[in-house]
There are 2 protein chains.
Amino acid sequence: MMELTRKGEYAIRGIVYLASRPADQVCLLSEIAKAVDVPQTFLAKIFQQFSKIGLVRSYRGTGGGFILGRTSDKITLLEVVEAVEGPIIPNRCVTGAGECDRSNACTVHPVWLKVQDQVRDLLNGITLKELSGQ
Amino acid sequence: MMELTRKGEYAIRGIVYLASRPADQVCLLSEIAKAVDVPQTFLAKIFQQFSKIGLVRSYRGTGGGFILGRTSDKITLLEVVEAVEGPIIPNRCVTGAGECDRSNACTVHPVWLKVQDQVRDLLNGITLKELSGQ
DNA sequence: TTAAAAGAAGACTTAATTGGTCTTTTAGGG
DNA sequence: CCCTAAAAGACCAATTAAGTCTTCTTTTAA
């Protein structure tokens with residue numbers, strides 16, 4: 001339970017590697033994929049998601065590649081994980097509206113809320129800077 | 001991410017219902033399934049898993065059914081969840097031996113360990129007694 | 001204007017989830 | 001001793017999700 005998918009694992013590996021590179025120079029996807037041992041085609045989609053929400057900035061064409069969208073101390077592990085895995089929701093209960101049709105009886109509800117909070121807090125306290133050992 | 005599967009949801013619903021019933025009388029699977037609105041065939045498998053690890057005790061034949069394997073204050077939500085969803089492991093890293101072949105570089109490892117600990121602690125602190133409102 | 005690179009869409013494969021069915025075992029009651 | 005109620009167990013099937021690869025488009029520096 002609670003296992004990260006490959007996608008999430010790859011996402012973390014990839015962006016942590018990017019964070020470990022000089023901040024001012026673009027990094028090829030092919031380089032990242034090779035360095036962290038992830039299928040490049042898969043990593044491409046992951047970085048597209050990152051790009052859409054500004055976690056990374058992309059440059060196309062010759063000399064293109066990726067750089068971080070913000071400095072590595074301003075990007076949290078929570079953002080990275082949620083970018084590709086979706087929001088952290090231990091149970092349909094905690095999503096709110098109508099999802100928990102048994103809400104009256106659902107005594108488990110508050111427990112999941114607490115789990116959600118704790119995990120989010122913890123992941124939110126970790127930045128790429130720390131993870132990349134800079 | 002971190003979402004419980006149906007199986008986990010059903011498992012909780014089912015055993016919480018059982019905990020809400022008189023402790024000294026066996027309860028039919030068909031009754032539980034109907035009460036918590038879960039396919040009986042699916043719930044059967046879940047309760048078989050419960051039975052194997054002693055979370056519930058089963059009686060076959062006429063007048064058979066299920067009762068809790070221990071009193072409801074001695075069964076935690078963690079046990080229930082792990083019984084059907086497997087151990088709480090946010091990332092292959094924390095499983096130990098060889099799973100994290102990149103362990104040297106894996107700075108994320110300790111974070112997942114912390115997540116694992118926190119979630120396990122929290123779920124371990126909740127008993128069926130509380131959940132069943134007794 | 002061409003080659004390098006990311007963006008986008010989708011096809012395909014494999015694995016997990018969510019059930020169902022049918023047979024077997026166990027136990028109680030007439 | 002048979003019949004019936006109930007869980008156990010072994011399969012099986014549909015659906016969904018995960019993971020991977022392919023192909024084509026768009027952008028842009030040289």
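Below, all heavy atoms of this structure are taken into account, side chains as well, without hydrogens, waters or symmetry copies. So you know, we letter chains A, B, ... as the sequences are listed, proteins then strands, and number each from 1.
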Exercise. Taking 4.0 angstrom as the limit, do B:E79 and B:K74 come out as a salt bridge?
Worked result: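 No, this pair does not count.
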Rounding to a whole Å, what distance do you find between [X]:[atom1] and [N]:[atom2]?
X: B:M1; N: D:dA18; atom1: CE; atom2: C1'; result: 15 Å
X: B:I32; N: D:dA7; atom1: CD1; atom2: P; result: 8 Å
X: A:R6; N: C:dT13; atom1: CZ; atom2: P; result: 19 Å
X: A:Q40; N: D:dG19; atom1: CD; atom2: P; result: 19 Å
X: A:F66; N: D:dT28; atom1: CZ; atom2: C1'; result: 15 Å
X: A:F42; N: D:dT23; atom1: CZ; atom2: P; result: 19 Å
X: A:L28; N: D:dT28; atom1: CG; atom2: P; result: 17 Å
X: B:I67; N: D:dA7; atom1: CD1; atom2: P; result: 13 Å

For this session: Verify whether one side chain among A:Q49 and A:K7 offers a donor that lies under 3.5 Å from an acceptor in the other.
Result: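 Yes, because at least one side-chain N or O of A:Q49 sits under 3.5 Å from a partner of the opposite role on A:K7.
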For this session: Verify whether one side chain among A:T107 and B:E130 offers a donor that lies under 3.5 Å from an acceptor in the other.
Result: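 No, no side-chain donor-acceptor pair sits under 3.5 Å.
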OP1 or OP2 of [N] sitting under 4.0 Å from any side-chain N/O of [X]?
X: B:T5; N: C:dA16; answer: no
X: A:S51; N: C:dG7; answer: yes
X: B:R60; N: C:dG28; answer: no

Exercise. What residue among B:I126, B:L131, B:L55, B:L123 forms side chain to side chain contact (heavy atoms under 4.5 Å, CB included) with B:V80?
Worked result: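 It is B:L55; the other options fail the test.
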Exercise. Considering only side-chain heavy atoms of A:K7, which listed nucleotide, D:dG19, C:dA6, D:dT20, is closest?
Worked result: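 Nucleotide nearest to A:K7's side chain: D:dG19.
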For this session: Could you check B:E85 against B:T62 and say which one's nearest nucleotide on DNA chain C is further toward the 5' end?
Result: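 The answer here is B:E85.
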Select base, sugar-phosphate, or nothing to describe what [X] touches, counting heavy atoms under 4.0 Å on all strands.
X: B:K45; result: base
X: A:S58; result: sugar-phosphate
X: A:Y59; result: sugar-phosphate
X: A:S30; result: nothing

Problem set entry | Donor-acceptor pair, side chain of B:Q40 and main chain of B:A33, under 3.5 angstrom |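 It does not hold such a pair.
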